[in-house]
Amino acid sequence: MTAPKILVCGDVLGRLKQLFKRVQSVNASNGPFDVLLCVGQFFPNSPDGLEELSDYLEGRAPIPIPTYFTGDYGVGSAKFLSATSQQHSDRGFKTDGLKVCDNLYWLRGSGVFHLKDLYIAYLSGRSQSQSLGFGLYSDDDIGALRMLAEDEQIVDIFLTYPLACFFAASASMVGGITNKADTSTAPQGVSDPACCDPAISELAAEIKPRYHFAGTKSIFYAREPYLNDKGMHVTRFVGLSAVGNKDKQKFLHAISPTPAKSMSPADLRAKPMGTTLSPYTISEGNVPISKETKRPGDSDVDAQFWRYDVPQKRQRQRGADGERLCFKFTSTGSCPKETDCIFRHDMDAREHYLRNVCFDFLNKGKCERGPDCKFSHKLSEEGDPVRAQRSEKSCWFCLSSPNVESHLIICVGESYYCALAKGPLVDDHVLLLPIEHCPYTLSLSSESDAELEGFKKALKIFFHKQGKAVIFYEFLFRRSPHANLQAVPIPLSKASNAQRAFGFAAKKLGFDYIVMKPDNDRGCRESLREQFDGKSNFFYVELPDGTTLSYAVEDEEKFPVQFGREVLAGLLNVADRADWRNCKLGKEEESRMAEGFRKGFGEFNPTQ
Ligand SMILES: *[C@@H]1O[C@H](CO)[C@@H](O)[C@H](O)[C@H]1NC(C)=O
């Protein structure tokens, strides 16, 4: 079998005439070529370019070679591509390109497909946080590609528009082994974090393609091959310039790769001269890619008080319950990134996965493969005894579970116990937890409310002696592993601002609370029970004066799982602590803090 011959092109910008002229001359000298793949913006920057493009797209000029493009934005994209989408609307899930006209195929969203025996993965468009308009990739697109990382089939070619972020610091990150730091070879602009997309870096590091092509800021950059951390093959990254760029940088690149599936393991493993370590390698203790790089467009407005404008990270991961599942953890039961993983490690999802439930279905609530999917699209029944038993065993919060963090426990009552929070927002951040495995405190009988109120009262008195008030909040969501009512002490001086902070946050997210004043010594729990239908997600917070704000979440997409914590981080001016993963302590320190708390709390402890 002869290897296919492929041409890859950078941003076309509608300049098809110039492109095909070049293709023809390269074809004549080195061809014939089988296909042309285009990365970067395909459509022109200004309406001036539209006429030339239309000639081709409307069939007045022939497209001489099968051509696939990903950069589905620019002038004219909406017009031509919405027509194409409509034409193909009944084609369902199709990843090998939608036909725009003869020989021209649009790679929409993300996907993988076989082309001339090569296995090709692509992510079309730009990141949502970078711009608005046509040609954006979504969370789902990224999620679908992440699935690939576990696929046994090696991806030959990966096409993206934005550049991956390379790490200049990679030499020092890989403990002693020196590799060529990327800045030594990367031209200016390639290593500039402002023009790269950390999501692409993550994907490239996980998918480990043999070739990765991207459009760039009019720079041609063929990086030395790099070794994938665990992969057996090397990756060659090539950034391509734009057609007709002023600097006459290379925009057309020819390759003739033997498809991985017909290569011997030894050939695949071959390390060409000059191979470096992976530019994406992150050793322990270093900040993961997504946390480090700020994208243009991030707003710092109100950042000291309010974080909703900042977290592009969350926007990328947001799933049904606010965060994407980690595929690695769900499929294997462990993930080397542990708590540094930006994806959710969910024991219940793992359980479902073991029962042959589809990962897409667990992660997104839907699976595009529909009836063709070989995995189940039904969760095992609630109350399935095996399931209940299993998840209790693996639960961090069940007192009977071997996974419970017993060193954090403060005291234990009849139905509730009290423990210090892991990754606390502030010192003495406490959790009130049901002893039995249950998803919400409101699902416990109202008899147990008396005990809960006892705990709350004791905490209020205890903290008041230290000049602090307490905010209690709980987020009830369907797949919550185990109910936890959070108790966060705040300085008395901030107490009167708490309602305003929660109000401000709600306004930003576009909702209103139900506001309740307590009418008896059980607080507002009866009213909360009435409001909570067990179906929609539900948030409530009890302020220092007993006022309770509640909200039945209407739009799950818009409501962050860590809402309460984020508001309080804003109120307390500790925005960086909004993510509990930034606040982790060692076990020894945790034990010391719990010990200290137990001593101080002793005389208030309602269980004694
Ligand atoms: C490439 O060359 C072959 C012959 O070598 C020819 O048949 C084909 O049409 C050429 N394609 C392009 C795009 O010029």
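Bear in mind that the values here come from a model prediction, so they are computed numbers and not experimental data. Values below: every heavy atom of this structure, side chains too, minus hydrogens, waters and symmetry copies. One-based numbering, in listed order, for ligands and for the atoms of each.
Between the side chains of S241 and D247, no donor-acceptor pair is found at a separation under 3.5 Å.
Protein heavy atom at the shortest distance from atom 4 (C) of ligand 1 is P32 CB, 4.3 Å. Of the protein's heavy atoms, N27 ND2, 2.7 Å lies nearest to atom 11 (N) of ligand 1.
Between the OG1 atom of T330 and the CG atom of L325 there is a distance of 4.5 Å, given to the nearest 0.5 Å.
Atoms of ligand 1 found under 4.0 Å from any heavy atom of Q24, numbered from 1 in the order shown, are 14 (O). Heavy-atom proximity to P64, at under 4.0 Å, picks out these atoms of ligand 1: 13 (C).
For atom 2 (O) of ligand 1, the protein comes within 4.0 Å by at least one heavy atom.
Between F69 and F43, the ring planes lie perpendicular to each other; the angle is over 60°, past the 30° to 60° tilted range.
Between V238 and I255 the shortest side-chain heavy-atom distance does not fall below 4.5 Å.
Other residues, nucleotides and ligands place more than 12 heavy atoms under 6.0 Å from the NZ atom of K250.
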